[in-house]
Structures are given as C-alpha cells and as structure tokens.
*Asks:* 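Here's a structure for you.
Residue numbering restarts at 1 for every chain, and letters A, B, ... go by the order of the sequence lines. Predicted, not measured: the structure shown is a model, and the values here were computed from it. The basis for the numbers below is simple: all heavy atoms, side chains too, and nothing from hydrogens, waters or symmetry mates.
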Protein chains: 2
Amino acid sequence: MIREFINKHKPTILYGISLALLLFLLKWLELRFIIINHIFEIYAGAIALLFTGLGIWIAMKLTKPKVETVVIEREVLVEKKHFQFNEQQQAQLGLSKRELEVLNLIAEGLSNQEIAGQLFVSLNTIKTHSSKLFEKMEVKSRTQAVEKAKRLSLIP
Amino acid sequence: MIREFINKHKPTILYGISLALLLFLLKWLELRFIIINHIFEIYAGAIALLFTGLGIWIAMKLTKPKVETVVIEREVLVEKKHFQFNEQQQAQLGLSKRELEVLNLIAEGLSNQEIAGQLFVSLNTIKTHSSKLFEKMEVKSRTQAVEKAKRLSLIP
DNA sequence: GGTAAAATCACCCAAAAGTATGAGTTAATT
DNA sequence: AATTAACTCATACTTTTGGGTGATTTTACC
C-alpha cells in the first residue's frame with residue numbers, strides 16, 4: 001500500500017526532497033553570501049542550471065511514452081468466401097438483371113423448371129432468358145455459361 | 001543561412017536569453033533584497049521553480065518522444081491460390097479415375113459428344129460414365145455435379 | 001484361374017435443354 | 001408520342017441429357 005504510493009509518486013517525492021535539500025544548501029550558503037557578496041549572480045546561475053537539469057530529468061521521467069501501434073498482418077488461407085461482383089463484365093456483355101438472376105440459379109444446379117418455379121414465371125420464359133444469356137456470353141450450354149461466369153467473376 | 005542557424009538552435013538561444021533576463025531580474029531584485037532580507041528563500045525557490053519549468057519545457061522540445069510499440073496481429077483472409085485435390089472425398093464417393101476425368105471435362109463445359117471425342121470413346125460410354133458419376137455423387141444433372149464437385153474440392 | 005471392379009459399347013425411351021420465331025406488356029428515355 | 005430495352009409467354013422443333021438394361025472386354029487382385 002505505502003510502497004505502491006511511493007513508487008507511484010517517486011518523481012514528485014524526489015523533487016520535493018531535492019527542493020528541500022537545495023533550500024538547506026541555500027541557507028548554509030547564505031552565511032557565506034554575507035562574506036563573499038559578489039558571487040550572487042554565479043550562485044543564482046548555479047541554481048538556475050541545477051534546476052533546469054532537474055526539470056529535464058523530471059520531464060524525461062514523467063512524459064507519457066507515445067504509443068505507436070504496429071499492425072502485423074498474418075495471412076490465413078481460407079476457402080473462397082469473398083466474392084467481388086464484376087460489374088464491368090456484366091455491362092460489357094450487356095447482361096440484364098433477370099439474366100444474371102437466372103445465371104445464378106443455373107450455377108446452383110437448378111433445372112429450368114425449378115428456376116421457373118422459383119421466379120414465378122413460365123418455363124418458356126426461363127428458356128428465353130437462358131438462350132439470350134448464352135448468346136450474350138457466347139456459350140452453347142448452361143455448363144459452359146457457369147464455367148465462364150466464374151472465370152469472369154459474375155458469380156461466386 | 002542565419003535563419004537556419006537560428007531555427008536549429010532555437011531552444012539554446014531561448015535558454016540563453018531567458019538566463020540573461022533572469023540575471024537582470026536578479027540584479028534588480030538585489031536592490032530590494034537589501035531592504036527585504038528575509039524573502040531570499042522565496043526568491044531562490046522561485047528561481048528553482050522557474051528553471052525547473054524551463055527544464056521541463058526544454059526536455060519536451062528536445063527529447064525525441066518516447067515510442068512504445070504495441071504490436072497487434074491481425075489475421076488476413078487470403079483466398080486459396082492452388083487447388084488441392086480431395087482424395088478422401090473421391091475415395092468416399094467411390095469415384096473411378098475415368099469418372100473423375102469425365103467430371104473434369106463436364107466442368108469445362110464440354111458436351112457428352114465432345115467428351116467422347118476427346119477421350120476416343122463412344123458417346124454411349126460417356127453417358128454410362130456420367131450416369132454412374134451422378135449416381136455416386138447423388139446429383140441429378142451435370143450442372144449439379146459440377147457445383148458439388150467444386151464444393152468437395154474434387155475439381156478446381 | 002477365378003473374381004471383382006472398371007471400362008467399354010449398344011439400344012431404347014423420356015425428360016430436359018436449347019433454338020427459332022413471334023408477340024404482348026411494362027418502364028424508361030427521348 | 002414514339003422508341004427502346006427488358007421481361008414475359010407461347011408454339012414448334014432439334015439436340016442433348018439422363019435413366020434403364022444388358023453385354024463384352026480389360027485390368028487388377030487374391
């Protein structure tokens with residue numbers, strides 16, 4: 001408890017003690033001062049220098065260290081999870097929103113009938129979409145479309 | 001040139017000027033000192049405090065800020081670069097070498113006819129292979145097979 | 001040498017996929 | 001008001017795919 005307090009306020013205590021000692025020293029020097037009157041400036045200068053040093057020392061002890069944060073990035077191999085959709089490709093191929101939707105469902109392995117059910121449209125509509133999709137993507141089958149779409153980051 | 005010198009030794013010059021001013025102040029106070037003799041301790045204390053402050057200020061200005069380095073490790077997700085074939089899955093599903101070959105070609109978007117040409121076998125053979133493949137993989141179409149195969153790391 | 005798995009192929013049939021064409025509706029743009 | 005693009009649907013037709021069955025050959029293993 002007491003030790004902790006001493007440790008915490010060590011600089012302050014030391015400063016106090018130093019000040020007290022200096023004052024005693026001054027008192028003692030005062031006697032001499034009467035005798036050797038003309039060294040007063042030197043005396044004051046000495047005090048100034050001494051306490052400047054003390055100030056520096058205190059500053060060194062007290063200043064909070066600046067915290068510099070170094071972030072080390074460790075690479076961790078992971079399954080593909082991040083997927084950044086390639087809008088440029090979509091624009092370049094001229095794929096519509098609906099076509100992209102169909103493409104995604106095709107990639108999930110759904111049949112045209114299932115896709116039609118999922119999107120609440122007829123089978124023929126899905127066929128039309130996929131046809132146009134294949135035409136735009138310059139492929140001939142759903143499997144090729146999926147393969148190419150993955151390469152072009154149109155689907156995860 | 002001169003300006004540069006001044007900038008470089010600014011603290012030193014300021015310290016010198018302060019010291020000079022203080023000495024003038026002391027000289028002036030000295031006259032009063034004769035009259036009011038007993039405030040010498042206060043006077044010396046004042047100098048001490050003042051120069052302690054000056055010292056602290058100098059230290060603040062001159063010393064390089066203490067740097068405490070805190071290392072934070074952050075994990076960065078990196079996509080798997082290379083494909084590691086999952087032999088366990090192949091064994092578990094009981095896929096033969098030929099079936100795996102067909103699976104890969106299917107994943108590349110080839111039709112059964114094209115696969116047959118590539119492997120120098122008949123279309124019927126490829127149909128048999130893909131049929132058994134789908135059966136073993138418990139899927140109903142080539143698209144589903146590709147999707148599942150990628151999930152199971154059977155193909156890149 | 002016999003057995004089992006793998007690979008090959010054929011035939012048939014049904015379902016799904018894909019092509020071609022035409023057409024109606026809606027929403028956005030000019 | 002006219003145009004365009006996107007979305008919708010239908011019909012007809014061809015191709016591909018996938019399931020089922022059966023058979024032959026090759027390869028590997030006990």
Side-chain angles (χ1 to χ4, degrees), chain A residues 85-152 154-155, chain B residues 85-152 154-155:
Chain A
F85 177 68
N86 189 340
E87 279 183 74
Q88 282 74 39
Q89 274 299 339
Q90 186 203 5
Q92 199 168 325
L93 297 177
L95 302 186
S96 75
K97 210 195 300 183
R98 203 54 156 175
E99 284 159 355
L100 212 59
E101 219 172 339
V102 172
L103 175 58
N104 270 283
L105 295 175
I106 285 177
E108 287 178 23
L110 301 193
S111 70
N112 287 342
Q113 190 60 71
E114 288 169 325
I115 296 172
Q118 189 132 351
L119 300 182
F120 298 106
V121 293
S122 81
L123 171 61
N124 285 313
T125 303
I126 299 304
K127 284 189 174 189
T128 307
H129 282 319
S130 57
S131 266
K132 293 209 160 192
L133 181 64
F134 300 159
E135 201 179 316
K136 289 178 180 175
M137 292 186 72
E138 295 174 322
V139 296
K140 295 184 119 191
S141 73
R142 57 211 294 112
T143 324
Q144 276 180 23
V146 171
E147 192 270 336
K148 190 161 186 176
K150 294 215 176 199
R151 276 211 326 265
L152 302 183
L154 290 169
I155 54 175
Chain B
F85 177 68
N86 190 340
E87 281 183 73
Q88 282 74 39
Q89 275 298 339
Q90 187 203 3
Q92 200 168 325
L93 297 175
L95 301 185
S96 77
K97 211 196 297 183
R98 203 56 157 172
E99 284 159 356
L100 212 57
E101 220 171 339
V102 172
L103 174 59
N104 271 282
L105 295 174
I106 285 178
E108 287 178 22
L110 302 191
S111 69
N112 288 342
Q113 189 62 69
E114 290 169 321
I115 295 173
Q118 189 131 352
L119 299 183
F120 301 104
V121 294
S122 81
L123 172 60
N124 284 315
T125 303
I126 300 303
K127 283 188 174 190
T128 309
H129 283 319
S130 58
S131 265
K132 291 210 162 190
L133 182 65
F134 299 158
E135 201 180 315
K136 289 177 179 177
M137 292 185 70
E138 296 174 321
V139 297
K140 296 184 121 188
S141 73
R142 56 212 294 111
T143 323
Q144 276 180 22
V146 172
E147 191 271 337
K148 189 162 186 175
K150 295 216 176 200
R151 276 213 324 267
L152 302 183
L154 289 170
I155 55 176

*Asks:* Nearest heavy-atom pair of Thr143(A) and Ile106(B): which atoms, and what distance?
*Replies:* CG2-O, 3.1 Å

*Asks:* Would you say Lys136(B) has more than 12 foreign heavy atoms packed within less than 6.0 Å of its NZ?
*Replies:* yes

*Asks:* Answer whether the closest heavy-atom distance between the side chains of Ile115(A) and His129(A) falls below 4.5 Å.
*Replies:*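 No - every pair of side-chain heavy atoms lies 4.5 Å or more apart.
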
*Asks:* CG of Asn104(B) to CD of Glu99(B): how many Å apart, nearest 0.5 Å?
*Replies:*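 Spacing of CG (Asn104(B)) from CD (Glu99(B)) equals 12.5 Å.
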
*Asks:* Side chains of Leu105(A) and Glu108(A), heavy atoms from C-beta outward: is any pair under 4.5 Å?
*Replies:*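 With C-beta onward as the side chain, the pair touches.
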
*Asks:* Which heavy atom in Ala107(A) sits nearest to a heavy atom in Val146(A), and how many Å separate them?
*Replies:* CA-CG2, 3.6 Å

*Asks:* Of all the nucleotides listed (dC9(C), dC9(D), dT11(D)), which has the minimum atom distance to the side chain of Asn124(A)?
*Replies:*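 The answer is dT11(D), which lies nearest to the side chain.
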
*Asks:* Without decimals, in angstroms, what is the distance between Lys140(B) NZ and dA15(C) P?
*Replies:*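 About 12 Å, once rounded to whole Å.
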
*Asks:* Can you measure from CG (Leu110(A)) to CD (Gln144(B)) and round to the nearest 0.5 angstrom?
*Replies:* 7.5 Å

*Asks:* Between dT8(C) atom C1' and Ile126(B) atom CD1, what is the distance in whole Å?
*Replies:* 10 Å

*Asks:* Could you check how far NZ of Lys97(A) sits from P of dA27(C), rounded to whole Å?
*Replies:* 12 Å

*Asks:* Grab the NZ-P distance between Lys136(B) and dG18(D) for me, whole Å please.
*Replies:*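 Going from NZ in Lys136(B) over to P in dG18(D) covers 16 Å.
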
*Asks:* Would you jot down, in residue-number order, the residues of residues 109-120 of chain B having a non-hydrogen atom under 4.0 Å from DNA chain C?
*Replies:*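 Nothing qualifies; none.
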
*Asks:* Which atoms of nucleotides 21-29 of chain D (N or O only) lie under 3.5 Å from a protein N or O atom, and what are those distances?
*Replies:*
none

*Asks:* Nearest whole Å is fine: how far is dT8(D) C1' from Leu123(A) CG?
*Replies:*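 The answer, rounded to whole Å, is 13 Å.
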
*Asks:* What is the distance, rounded to the nearest whole Å, between atom NZ of Lys127(B) and atom C1' of dC13(C)?
*Replies:*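 Those two atoms, NZ and C1', are 10 Å apart.
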
*Asks:* Atom CD of Glu99(B) to atom C1' of dA5(C): distance rounded to whole Å?
*Replies:*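 One finds 11 Å between C1' of dA5(C) and CD of Glu99(B), rounded.
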
*Asks:* Closest to the Arg142(B) side chain: dG18(D), dA17(C), dC9(C)?
*Replies:* dG18(D)

*Asks:* So, does Ser141(A) get its side chain near the phosphate of dT16(D), meaning an N or O under 4.0 Å from OP1 or OP2?
*Replies:* no

*Asks:* May I ask you to decide whether Lys132(A) forms a salt bridge with Glu135(A), counting only side-chain N to carboxylate O separations under 4.0 Å?
*Replies:* no

*Asks:* Counting side-chain heavy atoms from CB outward, which of dT8(C), dC9(D), dT19(C) is closest to Val121(A)?
*Replies:*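 Minimum distance to the Val121(A) side chain belongs to dC9(D).
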
*Asks:* Using atom CZ of Arg98(A) as one end and atom C1' of dC9(D) as the other, report the distance to the nearest whole Å.
*Replies:*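 Going from Arg98(A) (CZ) to dC9(D) (C1'), I get 13 Å.
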
*Asks:* Under a 4.5 Å cut-off applied to non-hydrogen side-chain atoms, are Glu147(B) and Arg151(B) in contact?
*Replies:*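 Of all side-chain heavy-atom pairs linking Arg151(B) with Glu147(B), at least one is under 4.5 Å.
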
*Asks:* Can you check whether His129(A) has a side-chain N or O nearer than 4.0 Å to OP1 or OP2 of dT8(D)?
*Replies:*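 Yes, such a contact exists.
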
*Asks:* Select base, sugar-phosphate, or nothing to describe what Ser131(A) touches, counting heavy atoms under 4.0 Å on all strands.
*Replies:*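 The answer is base, as Ser131(A) lies within the cut-off (heavy atoms under 4.0 Å) of a base atom.
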
